Amino acid sequence: MIRIYNTLTRKKEEFQTLEPGVVKMYVCGVTVYNDAHVGHAMSALVFDIIRRYLEYRGYKVKHVMNYTDVDDKIINRARQLGEDPLKLSQRYIEDYANDLRNLNVLPPTSTPQVSKTMPHIIQFIQGLIEKGYAYAAPNGDVYFRVTKDDDYGKLSGRRLEDMQAGARIEIGEAKEHPMDFALWKAAKPGEISWDSPWGKGRPGWHIECSAMNLVELGEQIDIHGGGNDLIFPHHENEIAQTECYTGKPFARYWVHNGMLQLGGEKMSKSLGNIVPIKEFLKQRDADVMRMLVLMGSYRAPLIFSDETQDAAEKSLERLKTALRPASPSASGLSAEAASALAAQAESTKQAFIEAMDDDFNTPLALAALYELVKAINTARDNGATDAQLQPAQSMLRELTGVLGLRLQEKQGSGDADKFIDLLVEVRSEVRKQKLWALSDLIRDRLKELGVTLEDTKDGTKWRWS
RNA sequence: GGCGUCGUGGCCAAGUGGUAAGGCAAGGGUCUGCAAAACCCUCAUUCAGGGGUUCGAAUCCCCUCGACGCCUCCA
């Protein structure tokens with residue numbers, strides 16, 4: 001039985017889907033106006049891992065991730081660049097999709113865009129007005145009437161009175177209540193706009209997700225996800241809109257990932273302390289970013305530093321060692337030892353599932369994998385053949401695959417490999433003559449070039465590092 | 001000011017009532033010409049601090065201190 005922490009109830013709950021065997025999952029994507037950073041990557045990775053695990057457990061997952069392609073920031077950026085806003089956002093949509101691909105994130109089953117959902121958004125707003133949950137102001141804006149929604153604030157645990165106490169709220173003249181929020185914004189001169197019953201304009205931020213959910217997944221969904229910075233106001237307002245419109249509970253489980261921290265602060269575009277995904281991938285393998293996410297709880301802040309990245313990289317190395325082949329001169333394992341290894345593979349799988357079932361406890365799941373790593377390496381040291389290692393290694397591949405790790409050995413560039421082979425061969429001759437200084441020089445210099453040599457009783461092995 | 005999350009060894013981190021997982025780093029050992037990798041051993045009487053509940057608390061309650069997120073766009 002899978003248990004998931006639900007932000008709405010602040011508790012772990014048993015996971016039961018609306019429809020047996022099918023998970024409807026909606027995850028808030030990004031606003032596309034510049035390069036996505038590793039904080040976005042964290043969120044994408046968290047929900048990719050959740051999706052992969054649910055699929056592993058036999059669910060069919062409908063994974064919807066939206067693109068906000070109509071927004072103030074996009075309009076401003078487009079104006080700066082003298083570019084059409086929708087062309088600009090389209091460019092960044094492709095760019096982000098590419099970043100996700102490079103991070104080995106499975107493509108969502110659907111990626112709706114605001115600009116392509118306009119009729120549904122307008123219809124949604126119309127419906128809210130008809131039911132008295134929204135009103136059109138004289139200036140052409142349409143607002144949601146928070147006072148009409150009895151349980152407004154239930155997701156973030158706020159009360160309207162508390163929020164009014166906040167000093168930073170400005171009372172818009174057109175609003176009935178200071179916390180009323182825009183469903184539709186009247187167009188300013190020269191701005192991109194769409195026709196509506198309330199004049200030319202564009203949707204407010206929150207309504208798009210309500211509308212896309214309805215179009216893509218229906219009135220009720222299983223999982224609604226996103227970063228915990230979206231809990232208020234975005235998801236709060238989404239619940240309000242959708243539940244007032246449909247009269248039904250919206251999402252069963254609200255799942256929020258913690259923020260990625262750089263230098264003790266949240267990484268965000270507005271703070272400017274960002275590391276773009278592309279920059280990260282120039283320095284490190286995609287697995288490193290994923291490992292970083294796996295090493296901590298998805299709900300907790302993730303510390304992004306050179307130290308944590310190094311640790312993630314080393315941990316990956318450790319997983320990879322277990323996948324290396326047996327010694328060619330292996331004498332074979334006793335039947336007893338071989339079956340012990342098979343037993344370890346099975347118990348690791350059970351422990352892995354148990355850990356992941358408990359709110360996707362990836363650190364605990366990794367601990368289970370390291371047990372298998374140790375068992376495999378010990379078996380190899382004790383003379384296991386490839387055939388004997390294979391079942392356990394397949395299990396390790398299977399489980400790390402569920403987490404989305406590729407665990408590929410580093411590749412060199414182009415034709416270098418055969419020259420390294422040659423160099424290693426020459427060095428072996430040098431070693432036979434016990435010319436240690438020369439042979440160590442070759443090893444050290446290759447190390448500097450990113451090639452690690454290991455002298456074993458089966459000869460010298462090398463790999464890119 | 002309000003709401004929320006949280007504070008576990010040098011670093012990352014699991015554990016939410018039964019006596020501290022795991023990874024990285026570090027030290028010692030086996031192996032090696034020396035390394036590397038692997039394997040073995042060591043590494044928190046203690047869980048921010050102070051009270052309380054309990055036979056028993058890192059885990060529950062209260063207080064204090066501190067960090068982070070949200071209350072404005074934000075994954």
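Within every chain, numbering begins at 1; the chains are lettered A, B, ... in the order of the sequence lines, protein sequences first and strands thereafter. Only a predicted model underlies this, so the values are computations on that prediction, with no experimental measurement involved.
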Nearest-nucleotide pick for Asp455(A), side chain only, options being G69(B), C34(B), C24(B):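 The answer is C34(B), which lies nearest to the side chain.
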
Picking from C24(B), A21(B), A36(B), which would you name as closest to the side chain of Pro363(A)?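 So the side chain of Pro363(A) is nearest to A21(B).
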
Considering every strand and a 4.0 Å limit on heavy-atom distances, what is the contact class for [X]: base, sugar-phosphate, or nothing?
X	result
Gly29(A)	sugar-phosphate
Ile303(A)	sugar-phosphate
Ser268(A)	base
Leu292(A)	nothing
Ile231(A)	nothing
Leu369(A)	nothing
His256(A)	nothing
Gln261(A)	sugar-phosphate
Asn228(A)	sugar-phosphate
Gly39(A)	base
Met295(A)	sugar-phosphate

side-chain contact (heavy atoms from CB on, under 4.5 Å) partner of Ile223(A), the single match among Met25(A), His63(A), Lys24(A), Arg51(A):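 Result: among Met25(A), His63(A), Lys24(A), Arg51(A), Met25(A) is the only option passing the side-chain contact (heavy atoms from CB on, under 4.5 Å) with Ile223(A).
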
Roughly how far apart are [X] [atom1] and [Y] [atom2], rounded to 0.5 Å?
X	Y	atom1	atom2	value
Glu354(A)	Asn361(A)	CD	CG	10.5 Å
Arg158(A)	Leu155(A)	CZ	CG	9.5 Å
Ile207(A)	Asn237(A)	CD1	CG	9.5 Å

Distance, C1' atom - from U19(B) to A58(B), rounded to whole angstrom: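 The same atom, C1', in both gives a distance of 11 Å.
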
If you measure from the P atom in G49(B) to the same atom in G9(B), how many Å do you get, rounded?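 It works out to 10 Å between them.
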
Heavy atoms from other residues, nucleotides or ligands near CD of Glu409(A) exceed 12 (cutoff 6.0 Å):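 Check passes, neighbour count above 12.
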
Is the number of heavy atoms from other residues, nucleotides or ligands within 6.0 Å of CD (Glu336(A)) greater than 12?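 Open: at most 12 neighbouring heavy atoms sit under 6.0 Å from CD of Glu336(A).
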
Hey, which sits more toward the 5' end of RNA chain B by its nearest nucleotide, Lys12(A) or Lys266(A)?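 Its nucleotide being nearer the 5' end, the pick is Lys12(A).
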
Closer to the 5' end of RNA chain B via nearest nucleotide, is it Ser439(A) or Thr308(A)?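 Upstream on the strand: Thr308(A).
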
Side-chain N or O of Lys314(A) versus OP1/OP2 of A25(B): is the shortest distance under 4.0 Å?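 Result: yes.
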
Check the phosphate of C73(B) against Arg77(A), side-chain N and O only, distance under 4.0 Å to OP1 or OP2. Yes or no?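 Negative; the distance criterion is not met.
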
Charged N to carboxylate O below 4.0 Å: is that the case for Asp455(A) and Arg443(A)?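 Salt bridge present between Asp455(A) and Arg443(A).
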
Any ion pair linking Arg202(A) and Asp71(A) (charged N to carboxylate O, less than 4.0 Å)?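 Salt bridge flag = no for Arg202(A) with Asp71(A).
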
Map every base of RNA chain B to its dot-bracket character, where paired means a Watson-Crick or G-U wobble contact with both distances under 3.5 Å and | marks a partner outside the strand. ((((((((.[[[..)..(...]]].(((((.......))))).....[[[[[..)....]]]]])))))))....

Please tell me if the side chains of Glu13(A) and Arg252(A) come closer than 4.5 Å, counting only heavy atoms from C-beta onward.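 Yes - at least one pair of side-chain heavy atoms lies under 4.5 Å apart.
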
Ring pair (Phe, Tyr, Trp, His ring centres under 6.0 Å) with Tyr253(A): which of Tyr5(A), Phe360(A), Phe15(A)?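 Of Tyr5(A), Phe360(A), Phe15(A), ring pair (Phe, Tyr, Trp, His ring centres under 6.0 Å) with Tyr253(A) is met by Phe15(A) alone.
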
His224(A) and its ring pair (Phe, Tyr, Trp, His ring centres under 6.0 Å) partner, picked from His234(A), His235(A), His256(A):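 When His234(A), His235(A), His256(A) are each tested with His224(A), the ring pair (Phe, Tyr, Trp, His ring centres under 6.0 Å) holds only for His235(A).
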
Hey, does the side-chain of [X] have a donor or acceptor N/O within less than 3.5 Å of a partner on the base of [N]?
X	N	answer
Asp381(A)	C31(B)	no
Arg443(A)	C34(B)	yes
Asp440(A)	G33(B)	yes
Arg158(A)	C70(B)	yes
Arg431(A)	G33(B)	yes

Would you jot down, in residue-number order, the residues of residues 371-378 of chain A having a non-hydrogen atom under 4.0 Å from RNA chain B?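 By residue number: Lys374(A), Asn377(A), Thr378(A).
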
Indicate whether Tyr370(A) forms a stack on G23(B); treat it as stacked only if centroid distance is below 5.5 angstrom and interplanar angle below 30 degrees.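 The base of G23(B) is not stacked with Tyr370(A) (the test needs centres under 5.5 Å and planes under 30°).
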
